[in-house]
2 protein chains.
Amino acid sequence: MTSKSDSNSGVERISDAEHAVMEVLWSDSPLSAADVCDVVCKERGWSIPTVKTLLSRLVTKGALDTTPDGRRYLYTPLIERSAYVGTESKRLVERLFGGRAAPLFAHLAESEALSADDIAEIERLLQEMKK
Amino acid sequence: MTSKSDSNSGVERISDAEHAVMEVLWSDSPLSAADVCDVVCKERGWSIPTVKTLLSRLVTKGALDTTPDGRRYLYTPLIERSAYVGTESKRLVERLFGGRAAPLFAHLAESEALSADDIAEIERLLQEMKK
DNA sequence: GCATTCAGATTACAAGTGTAATCGATAGCG
DNA sequence: CGCTATCGATTACACTTGTAATCTGAATGC
């Protein structure tokens with residue numbers, strides 16, 4: 001199936017640690033390696049070399065683009081967050097619920113992973129979709 | 001956070017291939033390695049040794065239990081599917097949507113990953129929850 | 001009884017990941 | 001004009017994962 005929802009095609013799978021880096025750049029880009037580190041290193045207990053490795057790998061994977069800025073690079077996402085989120089969500093639903101989203105919802109509901117806010121919000125979305 | 005929803009504690013992370021094996025045993029157990037292979041080997045292009053490796057790793061990880069049966073083992077899940085599904089779903093929601101389920105739902109809706117059936121079903125579940 | 005067969009156990013081995021250290025060039029500081 | 005601080009690039013290295021092959025011991029067929 002190569003449809004429009006396959007919108008991050010060509011990009012290899014992004015790992016967990018790499019994803020953390022992507023999040024930083026999705027929320028603000030372009031950034032240098034040091035900038036990215038400022039945001040995540042503390043939080044994840046990483047050192048700069050680690051961030052640099054992850055950035056390189058993401059460039060290799062085609063998930064990031066680089067712009068020279070003096071003697072360093074600035075990094076920009078090449079794939080959109082929504083595309084990533086889309087394929088990841090779909091993967092999960094596929095793997096765990098045979099592709100059906102309702103069971104996922106049921107499960108979240110049952111395990112009380114849905115807050116009152118979530119429920120209200122989902123109801124609102126449903127109403128909207130019915131128009 | 002060690003709460004009731006942390007119900008598969010102690011079990012290391014189950015990989016993708018391992019998960020396929022778990023699914024077989026969740027749908028019917030106890031089974032021998034050969035039995036498991038009968039179900040998945042064709043479908044995933046695996047050979048028996050592969051299944052045996054995965055079974056061993058799952059036993060090591062504490063996800064399966066063994067019962068001797070003659071000179072072979074029968075395998076039984078030690079963790080429940082719902083627990084696994086729960087933690088996996090939560091992981092995703094956590095990672096991608098800051099722990100809120102509504103955005104996940106919104107995303108699925110937007111990407112048309114929700115069938116009409118899904119929507120009807122979710123509506124029904126919502127009604128039920130309101131009681 | 002002895003060879004064949006079939007179980008699990010042990011070993012293999014490449015790719016991907018997490019987490020860096022080191023190297024080689026260069027841009028500024030003094 | 002040379003030294004140092006910094007870049008990115010290269011290399012490292014252990015652990016996990018996918019995917020087996022081989023080994024070893026016991027059961028079974030003859």
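Each chain gets a letter, A, B and so on, in the order its sequence line appears, and its residues count up from 1. Reckoned from all heavy atoms, side chains included, excluding hydrogens, waters and symmetry mates.
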Check whether any side-chain N or O of B:S15 sits under 4.0 Å from OP1 or OP2 of D:dG18, and answer yes or no.
->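 Affirmative; the distance criterion is met.
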Give the rounded distance in Å between these two atoms: [atom1] of [X] and [atom2] of [N].
| X | N | atom1 | atom2 | result |
| --- | --- | --- | --- | --- |
| B:K61 | D:dG18 | NZ | C1' | 11 Å |
| A:E18 | C:dG16 | CD | C1' | 9 Å |
| A:R72 | C:dA25 | CZ | C1' | 17 Å |
| B:W46 | D:dA21 | CH2 | P | 15 Å |
| A:D69 | C:dA27 | CG | P | 13 Å |
| B:R44 | D:dT17 | CZ | P | 14 Å |
| B:H19 | D:dG18 | NE2 | C1' | 16 Å |
| A:I14 | C:dG16 | CD1 | C1' | 14 Å |

Residues in contact with DNA chain C, drawn from residues 48-60 of chain B - heavy-atom cutoff 4.0 Å |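 Residues of residues 48-60 of chain B that come under 4.0 Å of DNA chain C are, in numerical order, B:K52, B:R57.
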Does the pair A:D117/B:R100 count as a salt bridge with the N-to-O cut at 4.0 Å?
->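 Between B:R100 and A:D117 there is no salt bridge, as every charged N stays at least 4.0 Å from the carboxylate O atoms.
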Salt-bridge contact A:E121-A:R124 (side-chain N to carboxylate O under 4.0 Å) |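 Between A:R124 and A:E121 there is a salt bridge, with a charged N closer than 4.0 Å to a carboxylate O.
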Apply side chain to side chain contact (heavy atoms under 4.5 Å, CB included) to B:H107 and B:L96, showing your working.
-> CA-CA 11 Å; B:H107 196 92; B:L96 300 185; over 6 Å; no
Could you list all the side-chain hydrogen bond (donor to acceptor under 3.5 Å, both in side chains) pairs where at least one residue sits in residues 21-36 of chain A, not counting sequence neighbours?
->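 Found A:H19-A:E23, A:E23-A:R81, A:S32-A:D35.
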Is any side-chain heavy atom of B:T67 less than 4.5 Å from a side-chain heavy atom of B:Y75?
->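 Answer no - side chains too far apart.
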Under 3.5 Å, sequence neighbours excluded: what are the donor-acceptor pairs made by side chains of residues 44-59 of chain A?
unit_1 : atom_1 : unit_2 : atom_2 : d
A:T53  : OG1    : A:P49  : O      : 3.0
A:S56  : OG     : A:K52  : O      : 3.0

Reckon A:R71 touches a base, only the sugar-phosphate, or nothing at all at heavy-atom distances under 4.0 Å?
->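 The answer is base, as A:R71 lies within the cut-off (heavy atoms under 4.0 Å) of a base atom.
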